[in-house]
Amino acid sequence: MASVIDELRQRGFIEQTTHEQELEDYIEQGNITCYIGFDPTASSLHIGSLVPIMSLAHMQRHGHRPIALVGGGTGLVGDPSGKTEMRKLLTAEAIEDNARGIKKQLANFLDFKQGRALMLNNAEWLTRLEYIPFLRDIGRHFSVNRMIKAESYKMRLDSEEGLSFIEFNYMILQAYDFLELFNRHKCRLQMGGSDQWGNIVAGVELIRKMHRQTAFGITFPLIVTSSGEKMGKTAKGAVWLDPARTSPYDYYQYWVNTDDRDVARFLALFTFLPMDEIRKVESLEGADLNSAKSILAFETTLLVHGRQEALNAYQAALSMFGGREIPQHLLPSSTIPRSLAGDDDLSVPYSFVEAESLKAGIPAFKLFHQAGLAASGGAARRLIEQGGAYVNGQRIDAFDRLITEQDLNEERVIVLRSGKKRFHKIKAQA
RNA sequence: GGUGGGGUUCCCGAGCGGUCAAAGGGAACAGACUGUAAAUCUGUCGGCGACGCCUUCGGAGGUUCGAAUCCUCCCCCCACCA
């Protein structure tokens, strides 16, 4: 089997490593332990964390032991890396809550049974530190001259707002985490986003200074879309892994809307489909490329939300947008259904309206506003006046056209649509 | 603590007594073109059943026929000095 490093490299996970050759030799020995830190700044992870998560999953699949370290302690301090503004400090309780939510989500990707992967919280050791002993044992190994040169602080040092002392300590605490995991679990590899390079190297050096042993670091590239956007950023905010924040349908839609140029790259990063199949996608265009996007969306939704939700989202997309058969030879390892069967579209957003009020009729612009397809009544009016509103596939031309029970289809449903891709179903309620 | 410069609609950023719901850009939304892609062009972009009405320019007062614009106090940010 190819080394996990090769696999990660081929899939585009690796930006930079320390001690390249030594690292490869070390990993070849097998059964190593590595870790990545996750910030508990929200109760859910979002797409931006997918690269670290997938890398841990690859590690585990190659027989290594991943540690997901939730930053319950470092979260109290706040990482300034790459940030232009100081983050607001969260309360200890909020961080605890968030840590719990994150643990749940990671369990979808990693097998934590029998210690095959570990989930730790650095609050366990960080909150117990004593200031003076810490300064004497750990702090003395850090040169402020060097620290202020670190890229991760640069933005803040150059900014008007400056860098507060609490944030300045972040690097030291993260280095200490690495040391602690080295001591407790023989963890000698830390991975992280490219903005973590300085923090990771600080840990590598601390371990060398304290124990005269080599530790390693790997950073991932910052994944941006071909149009230059950071992954997972939409107008409505981040794309979350928590179905309560981003529905499986929206999650699926996010991926189907992937830019042409990104499809193969994203298949490599965000699915486990084999690379030799993925390479063939690079030369596709037109309809086949769109099928590849469906597979990308299906596979990523499957990983986060499970098979049933992935099927629902896929079927919903078929019924709303129409579909085409997905060729057998395209990414054959994917378990996406390849024939057009079923018309189950449970996961399109919907809401209920009382049958009574439909008898009287509801002005279209009000209904669009209520359904959440327009931010205000005025916006709904504009939408309609500009020809961007559809009822059951028919463009409507008057903002106050009454929507009545006449508009219900055989299934007692009215399909509203804004623009090309935003759907909402209205169901009559007796 | 002192001195100076600031806080404008989702973001950046003009406006500095009426012509201001507030230039310009970005983002967003819609139309055309398409492949639920990109690029491009066009329109929209505070609220309201709407040629009018209502609420916005850090907060509270005041001057004025009239204030985002002037005055007073307060809050917050930044730079330099200490």
Side-chain angles (χ1 to χ4, degrees), chain A residues 84-86 88 156-164 224-230 232-239 249-267 281-298 300-301 313-327 330 345 347-349 360-391 393-403 415-424:
Chain A
T84 52
E85 286 172 17
M86 180 162 164
K88 37 183 183 301
R156 292 296 297 283
L157 285 168
D158 293 344
S159 79
E160 292 186 330
E161 191 184 344
L163 179 72
S164 76
V224 292
T225 63
S226 290
S227 46
E229 309 257 303
K230 231 169 143 176
K233 284 276 185 182
T234 69
K236 291 169 208 83
V239 179
Y249 176 76
D250 286 336
Y251 190 82
Y252 179 94
Q253 286 296 320
Y254 175 80
W255 291 101
V256 180
N257 284 305
T258 296
D259 190 299
D260 278 12
R261 295 165 288 178
D262 295 327
V263 178
R265 188 160 60 102
F266 287 181
L267 281 164
V281 169
E282 283 163 18
S283 54
L284 297 180
E285 42 187 44
D288 282 345
L289 186 53
N290 264 24
S291 291
K293 290 182 190 179
S294 298
I295 294 178
L296 171 65
F298 179 81
T300 51
T301 308
Y314 174 60
Q315 294 291 2
L318 280 184
S319 81
M320 291 295 107
F321 292 99
R324 49 191 99 61
E325 302 241 340
I326 294 180
L330 180 65
D345 54 0
S347 53
V348 173
I362 304 171
F365 76 105
K366 289 198 170 164
L367 197 58
F368 271 83
H369 174 36
Q370 276 169 30
L373 292 175
S376 67
R381 285 172 68 133
R382 273 178 244 122
L383 178 71
I384 295 168
E385 275 155 13
Q386 291 178 121
Y390 306 77
V391 172
Q394 292 283 311
R395 177 179 282 174
I396 52 175
D397 41 20
F399 76 89
D400 55 354
R401 203 206 108 177
L402 287 183
I403 308 296
V415 180
L416 304 183
R417 189 176 115 213
S418 158
K420 268 166 289 205
K421 11 181 162 168
R422 294 175 61 215
F423 291 90
H424 188 97

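Residue numbering restarts at 1 for every chain, and letters A, B, ... go by the order of the sequence lines. Everything numeric in this text was worked out from a predicted model, so none of it was measured.
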To the nearest 0.5 Å, what is the distance between [atom1] ([X]) and [atom2] ([Y])?
X         : Y         : atom1 : atom2 : answer
Ile396(A) : Leu383(A) : CD1   : CG    : 8.0 Å
Met320(A) : Arg422(A) : CE    : CZ    : 15.0 Å
Gln386(A) : Arg395(A) : CD    : CZ    : 11.0 Å
Phe365(A) : Leu373(A) : CZ    : CG    : 15.0 Å
Ser291(A) : Phe298(A) : OG    : CZ    : 13.5 Å
Ile362(A) : Asp400(A) : CD1   : CG    : 14.0 Å

Starting from [atom2] on [N], measure out to [atom1] on [X] and report it in whole angstrom.
X         : N      : atom1 : atom2 : result
Arg422(A) : A30(B) : CZ    : P     : 6 Å
Arg382(A) : A28(B) : CZ    : P     : 17 Å
Arg417(A) : C29(B) : CZ    : P     : 15 Å
Arg401(A) : G49(B) : CZ    : C1'   : 17 Å
Ile396(A) : G31(B) : CD1   : P     : 12 Å
Phe423(A) : A30(B) : CZ    : P     : 12 Å

Given the [atom1] atoms of [N] and [M], what is the spacing between them in whole Å?
N      : M      : atom1 : value
U19(B) : A68(B) : C1'   : 16 Å
C77(B) : G43(B) : P     : 43 Å
G1(B)  : U8(B)  : C1'   : 31 Å
G4(B)  : C12(B) : C1'   : 24 Å
A23(B) : A30(B) : C1'   : 24 Å
G31(B) : G7(B)  : C1'   : 38 Å
A14(B) : G58(B) : P     : 14 Å
C73(B) : A28(B) : P     : 44 Å

**OP:** Would you mind telling me which of Asp260(A), Asp259(A), Leu267(A), Leu284(A) makes a side chain to side chain contact (heavy atoms under 4.5 Å, CB included) with Lys293(A)?
**Re:** Asp260(A)
Subject >> Test applied, side chain to side chain contact (heavy atoms under 4.5 Å, CB included); reference residue, Tyr314(A); option that passes from Ile326(A), Thr301(A), Val256(A), Ile295(A) >> reply: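 Of Ile326(A), Thr301(A), Val256(A), Ile295(A), side chain to side chain contact (heavy atoms under 4.5 Å, CB included) with Tyr314(A) is met by Ile326(A) alone.
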If you look at every heavy atom in [X] and [Y], which pair is closest and at what distance?
X         : Y         : answer
Asp397(A) : Ile384(A) : C-CG2, 4.3 Å
Gln253(A) : Phe321(A) : NE2-CE1, 3.7 Å
Gly419(A) : Tyr390(A) : O-CE1, 3.6 Å
Pro363(A) : Leu402(A) : N-CD2, 3.7 Å
Ala379(A) : Ala375(A) : CB-N, 4.0 Å

**OP:** Assign each of Pro363(A) and Gly387(A) to its nearest nucleotide of RNA chain B by heavy atoms, then name whichever residue's nucleotide is nearer the 5' end.
**Re:** Gly387(A)
Original post:
For RNA chain B, whose closest nucleotide is more 5', that of Ala375(A) or that of Gly419(A)?
Top reply: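 Counting from the 5' end, the first nearest nucleotide belongs to Gly419(A).
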Original post:
Using a cut-off of 4.0 Å on non-hydrogen atoms, how would the nucleic acid contact of Tyr390(A) be classed: base, sugar-phosphate, or nothing?
Top reply: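 Here Tyr390(A) touches the backbone only, sparing every base.
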Original post:
With a non-hydrogen cut-off below 4.0 angstrom, is Gly378(A) in contact with a base, only sugar-phosphate, or nothing?
Top reply: base
Original post:
Are any of Ser376(A)'s side-chain N or O atoms less than 4.0 Å away from OP1 or OP2 of G46(B)?
Top reply: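 Answer is no, no contact under 4.0 Å.
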Original post:
Does C29(B) have OP1 or OP2 sitting under 4.0 Å from an N or O in the side chain of Ser418(A)?
Top reply: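 No, because none of the side-chain N or O atoms of Ser418(A) sits under 4.0 Å from OP1 or OP2 of C29(B).
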Original post:
Is a donor-acceptor pair below 3.5 Å formed from side chain Gln386(A) to base G31(B), judging by atom type as modelled?
Top reply: no
Subject >> Stems involving RNA chain B, each a run of at least 3 consecutive Watson-Crick or G-U pairs under 3.5 Å >> reply: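 So far as stems of 3 or more pairs are concerned, RNA chain B shows B:1-7 with B:75-81, B:10-12 with B:24-26, B:28-32 with B:40-44, B:46-48 with B:52-54, B:58-62 with B:70-74.
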Original post:
Residues from residues 366-373 of chain A sitting under 4.0 Å of RNA chain B, heavy atoms only?
Top reply: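 Listed by number, they are Lys366(A).
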Under 3.5 Å, which protein N or O atoms sit close to an N or O of nucleotides 35-38 of chain B? Give each pair with its distance.
from	atom 1	to	atom 2	distance (Å)
G35(B)	O6	Asp260(A)	OD2	3.4
G35(B)	N1	Asp260(A)	OD1	3.3
G35(B)	N1	Asp260(A)	OD2	2.6
G35(B)	N2	Asp260(A)	OD1	2.4
G35(B)	N2	Asp260(A)	OD2	3.4
G35(B)	N2	Asn290(A)	OD1	2.9
G35(B)	N2	Lys293(A)	NZ	3.0
G35(B)	N3	Asn290(A)	OD1	3.1
U36(B)	OP1	Arg324(A)	NH2	3.3
U36(B)	O2'	Asn257(A)	OD1	2.5
U36(B)	O2	Gln253(A)	OE1	2.8
U36(B)	N3	Gln253(A)	OE1	3.1
U36(B)	N3	Gln253(A)	NE2	3.4
A37(B)	OP1	Lys421(A)	NZ	3.2
A37(B)	O4'	Lys293(A)	NZ	3.0
A37(B)	O2'	Asp260(A)	N	3.4
A37(B)	N3	Asp260(A)	OD2	3.2

